[in-house]
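None of the values given here were measured: they were computed from a predicted structure.
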Number of protein chains: 2
Amino acid sequence: MAFRHLACALGDDAVLGPGSDLSAYEDPYSFGMTEEFRASGAVLPRSVEEVQAVLAIANQHGVPLWTISLGRNLGYGGAAPRVSGSIVLDLRRLNRILEVNEEHAYALVEPGVSFFDLYEHIRERGLRLWISSPALGWGSVVGNALERGVGRTPYGDHAAQICGLEVVLANGDVVRTGMGALPCANTWQLFKGGYGPSLDGLFMQSNFGVVTKMGLWLMPQPQGLMSCLVRFQKESDLAAAVDALGPLRRQEVIQSNAQVGSILHQVVGRYPRARWYDGPGAIPDPVLEQIRQDLGLEWWSLRFALYGEENMLDARFEIVRRAFSMIRGAEILCQKHVASGADGLYAWELEGAAAHDAGVPSVSSLDVVKFRGEDGGHLDFSPIIAPTGREAVRAYRHVMARAREHGIDYVGSFTAGVRHLRHVFMIVYDKRDAEQKRGAADLFGILVKEMGQEGIGEYRAHLAFMDLIRGEYCFNDHAIRRFSETLKDALDPNGILSPGKQGIWPRTFRTERSP
Amino acid sequence: MAFRHLACALGDDAVLGPGSDLSAYEDPYSFGMTEEFRASGAVLPRSVEEVQAVLAIANQHGVPLWTISLGRNLGYGGAAPRVSGSIVLDLRRLNRILEVNEEHAYALVEPGVSFFDLYEHIRERGLRLWISSPALGWGSVVGNALERGVGRTPYGDHAAQICGLEVVLANGDVVRTGMGALPCANTWQLFKGGYGPSLDGLFMQSNFGVVTKMGLWLMPQPQGLMSCLVRFQKESDLAAAVDALGPLRRQEVIQSNAQVGSILHQVVGRYPRARWYDGPGAIPDPVLEQIRQDLGLEWWSLRFALYGEENMLDARFEIVRRAFSMIRGAEILCQKHVASGADGLYAWELEGAAAHDAGVPSVSSLDVVKFRGEDGGHLDFSPIIAPTGREAVRAYRHVMARAREHGIDYVGSFTAGVRHLRHVFMIVYDKRDAEQKRGAADLFGILVKEMGQEGIGEYRAHLAFMDLIRGEYCFNDHAIRRFSETLKDALDPNGILSPGKQGIWPRTFRTERSP
């Protein structure tokens, strides 16, 4: 019935009902729990009015929707819904770039706009703006920012660049946040505050509404860029590397997310594991050392870039160089790119690491899963850690030890924000190997629990672990969950919007919570 | 009855009931509507548990509370409640500095902590951290940040430095946001995101809960500081000044709030108006010119500072100098302060403008109201404007013209954030002069309405204008108000917490909304 109503309201071509090919809405990197996260169909509205129509029908039928922008949340479940039987509310057709303002350096986009789309739009017009793309550029700008994704430019904390949302609430009401609530205001994308409570954050990693427009600050293109690589020769250099980074990030000498990657982090996406090892368990240390020598890799590889006019680049570099020169054996390599004209450095003039550092989107990192063969998948464990060498080493040792026990390779990186480290441990597996997949899931669950007990929590999670992780955030007998669910019930009494997302369940579906 | 219960629960000394001196809870700069904003008493809890007890009693009696931190919201109503008869929930006794972390550069404070308190704490311990104080340092760090106050350092967008809150909800539940929901986490003040929706923003300019602890990022003290003043000689230079500032702020060459002040903005706080003019109406142009010549003032005065190591200061200054040298007649004056040792520049080693630029608190600006005599008051009109010369001039001309018509002097400034201007027009009046006060209120109401029609809205407001301004944010038939009040009713069904704040009314008090 719901599907028939949806087709009546939006047209047949906007609805994928039972019997349709729904493979696009399965988790591409499923690890054996696929049955639990299976959509019953999908609906693809073309406008805010059609989103409203979908919500009205979902309310009428009590059918849960699962909202996606482009559904590229890889490693976290892709486009699949938390509750089986949900209809995916697929926003890919809301794909307009409504405004790119060069003077004030912002964009207003719909959820169907990918990083490639936005980049091409800017490139075609020759605008002096840089975007900040995450590792994969085919995803949604809106979806990525709302899920707190990161990129490599100074605007790489994507959630922090959000300025003003348009949201359709479960009851169909359309809200504009911040200055967007003031008709005719030209400051919707300029001032985050607005008047009264700040509401943008409510819609991050959230099921409180359907975001249909998002303002995003873009980077005015700088005059210059210096791509930097610091090579560390010893496993034990992790502590020194992170300790050197801390003050440089806090003082914003380094203005962007700096990433420290392990040996295998440098190998995945370039070579298959089988080239060196095909035995049981994780790659043993001697083999790891062999890989390192074969490829001339460092133990830890630190990548970041500096931005600004040439005199600023030189000043920043001098401070950075001094900091890393204190670490024995550390080698710093830099490449400077300075604009020839006064317009600044166009991103499309750059290549390789520099293009990456300028936020140019690519899909090169898609190949990371081929580390475990053509049918590889990955699951990302993403805890937030205090930015000190001691804490990084503590997390690294813990993860490494448990990974070994489960026969899983350590492919890890630490991304340094201004005051935190985001440790991403990528569990890569062969999707055809049931044992590997079970091992991945087991390891993940153990890490969440053990590290949670030490006060380390994840910032994002695969569908299968949303409840588990939510459960770790249990101060005052789960006060944050109680609070969030009070809001949820007030805003979405029928519980139609993405029930279970990040462990927030509406009253109507609360029994579905994982024990 | 409520007072008796409060005294039973908290002790007599924690309650000011009927008959007590409640002058501390009156608007010190009241402009003739005092009767409407009169507290019936106050309660001063000492702990979170006592806050919970107060809320329980208020719920039981259906008595509205009006939460203040230190109540120094001058120009916006001070400590006075929106609804007469409210009991002021005065949090001054929650005044612990729970942590100041030098390594990670943050503080965790309670609402009763003033900028002076925090500064002295840091100074006594010799910590290498700077705070960012607003114009008046006696106010609450928590209250100011939640109300979106600003200071002059690179951390001067105080709301943007908030990282993690503890909030007591109307039902007494205690919630910790972000990583604070994870027991034992050492990242509560390090990562703003947490897991799931970001909730900190909900409690800004809000009546959704009582904030009892707040994390705030502090600035690692830099090696150097350059205090800069740019003097503009012509009234028409405003456009060029703002246009030059825009790119410098967006590119973060200038890292902090830069303030452009009018002639009288430079005079208030230093001299009484009567020294030059005591006639009817606003100070006429020839007198304004006389003042300018007498004091050797510029038409517009731009103040900001640069921060960092000496090579960074020099690089920044070179770019800034180049930008302003394009403006005819503009004169740039700078004073550089560089630390003698590797510890960086201690704020307490600085004086005058440099101390201000280093966030050192003071109360020197208290005297601004003496511009209209010993019994002066002020009311601040604070619209948000796009950061272009054209928009600044449009706002300036509009405000100036209407101010003249009402016989009110233009005391104005434009503070340049990264992508917006905050225009603060300070209406200074003699509190003993009923006509001046009426004129101030009339002018304010006219400006809100007229500028609102042009898409310009205020970020903050005096009690008397909260509903008026809320009404201007009316997109989709007041969707933002409807949304906010849905949350309000869910979180505070009895409507006990600060009803009417920023125009958000609980169901139980909705009839009190100004027409």
Side-chain angles (χ1 to χ4, degrees), chain A residues 104-105 148 159 169 173-176 179-187 190-191 193 195-202 204-206 208 220 247 250-251 309 311-312 315 318-319 384 386 419-420 454-455 457-459 469-470 472-476 479-480 482-484 486-487 490-491 502 504, chain B residues 104-105 148 159 169 173-176 179-187 190-191 193 195-202 204-206 208 220 222 247 250-251 309 311-312 315 318-319 384 386 419-420 452 455 457-459 469 472-476 479-480 482-484 486-487 490-491 502 504:
Chain A
H104 296 299
R148 303 201 180 93
L169 302 177
D173 214 357
V174 180
V175 173
R176 290 189 177 173
M179 303 306 286
L182 187 72
C184 309
N186 60 4
T187 48
L190 298 179
F191 180 61
Y195 178 73
S198 295
L199 302 172
D200 287 356
L202 264 190
M204 294 176 190
Q205 291 191 348
S206 156
F208 294 152
R250 277 190 295 278
Q251 291 160 16
E309 297 215 13
N311 64 353
M312 296 279 284
E318 175 53 28
I319 300 168
I384 297 295
R419 274 176 178 74
H420 71 275
E454 294 185 33
E458 292 67 48
Y459 90 98
I469 293 176
R470 170 57 64 208
E472 296 293 317
Y473 287 76
C474 63
F475 171 78
N476 188 21
I480 198 94
R482 224 162 26 245
F483 177 67
S484 301
T486 299
L487 300 183
L491 294 172
Q502 251 70 28
I504 297 174
Chain B
H104 296 299
R148 303 201 180 93
L169 301 177
D173 214 357
V174 180
V175 173
R176 290 188 178 173
M179 304 307 286
L182 187 72
C184 309
N186 60 4
T187 48
L190 297 179
F191 180 62
Y195 178 72
S198 296
L199 302 172
D200 287 357
L202 265 190
M204 295 176 190
Q205 291 189 348
S206 156
F208 295 153
R250 277 191 295 278
Q251 292 162 14
E309 297 214 12
N311 63 354
M312 295 278 284
E318 175 52 28
I319 301 168
I384 297 294
R419 275 177 177 73
H420 70 274
E458 291 69 47
Y459 89 100
I469 293 176
E472 295 293 318
Y473 287 77
C474 62
F475 171 78
N476 188 20
I480 198 92
R482 222 162 27 244
F483 178 67
S484 302
T486 299
L487 300 183
L491 295 171
Q502 249 71 25
I504 298 174

- Message: Between R250(B) and chain A, with a heavy-atom cut-off of 4.5 Å, which part of the residue counts as in contact: side chain, backbone, both or neither?
- Response: both
- Query: Of all heavy-atom pairs between R419(B) and H104(A), which one has the smallest distance, and what is that distance?
  - Reply: NE-O, 2.9 Å
- Message: Less than 4.5 Å apart, side chain to side chain, heavy atoms only: is that true for T486(B) and L169(A)?
- Response: no
- Counting heavy-atom pairs under 4.5 Å with chain A, the top scorer among C474(B), G457(B), A315(B) is A315(B)
- Quick one: what part of E458(B) sits under 4.5 Å from any heavy atom of chain A, side chain, backbone, both or neither? backbone
- Message: At a heavy-atom distance under 4.5 Å, which candidate from I504(B), I469(B), L487(B) has the highest pair count against chain A?
- Response: I469(B)
- Side chains of I319(B) and M312(A): does their closest heavy-atom pair fall under 4.5 Å? yes
- Query: Would Y195(B) and I480(A) count as a side chain to side chain contact (heavy atoms under 4.5 Å, CB included) if you check the C-alpha gap in whole Å, the side-chain angles of each, and the deciding distance to 0.1 Å?
  - Reply: CA-CA 10 Å; Y195(B) 178 72; I480(A) 198 94; over 6 Å; no
- Task: Identify which part of I384(B) has an atom lying under 4.5 Å from any heavy atom of chain A, answering side chain, backbone, both or neither.
- Result: both
- Message: With a 4.5 angstrom heavy-atom cut-off, is it the side chain or the backbone of A386(A) that approaches chain B, or both, or neither?
- Response: both
- Message: Please classify the contact of E472(B) with chain A as side chain, backbone, both or neither, using a heavy-atom distance under 4.5 Å.
- Response: both
- Partner residues of A479(B) under the side chain to side chain contact (heavy atoms under 4.5 Å, CB included) criterion, sequence neighbours left out: D173(A), V175(A), N476(B), R482(B)
- Item | Choice from P183(B), A181(B), G452(B), C184(B) maximising heavy atom contacts with chain A below 4.5 Å | A181(B)
- Between Q251(B), E318(B), R176(B), M179(B), the one whose heavy-atom pairs under 4.5 Å with chain A are most numerous: R176(B)
- Task: Report the C-alpha separation of N311(B) and N311(A) in whole Å, then their side-chain angles, then the decisive distance to 0.1 Å, and conclude whether the side chain to side chain contact (heavy atoms under 4.5 Å, CB included) test is met.
- Result: CA-CA 9 Å; N311(B) 63 354; N311(A) 64 353; over 6 Å; no
- Task: For the pair Q502(A) (side chain) and G196(B) (backbone), establish whether a donor and an acceptor sit closer than 3.5 Å, ignoring hydrogens and angles.
- Result: no
- Considering residues at least two apart in sequence or located in another chain, which fulfil the ring-ring contact (aromatic ring centres under 6.0 Å, His included) criterion with F191(B)? H420(A)
- Passes side chain to side chain contact (heavy atoms under 4.5 Å, CB included), L202(B) versus F483(A)? Steps please. CA-CA 12 Å; L202(B) 265 190; F483(A) 177 67; 3.8 Å; yes
- Query: Which one, L182(B), T187(B), N186(B), leads in non-hydrogen pairs under 4.5 Å with chain A?
  - Reply: L182(B)
- Message: Between A105(B) and chain A, with a heavy-atom cut-off of 4.5 Å, which part of the residue counts as in contact: side chain, backbone, both or neither?
- Response: both
- Message: Between R148(A) and S198(B), does the side-chain hydrogen bond (donor to acceptor under 3.5 Å, both in side chains) criterion hold? Intermediate values first, please.
- Response: CA-CA 10 Å; R148(A) 303 201 180 93; S198(B) 296; 2.7 Å; yes
- Task: Could you have a look at G193(A), P220(A), P197(A), P247(A) and say which one has the most heavy-atom pairs with chain B under 4.5 angstrom?
- Result: P197(A)
- Spacing of CG belonging to L199(B) relative to CE belonging to M204(A), to within rounding of 0.5 Å: 11.0 Å
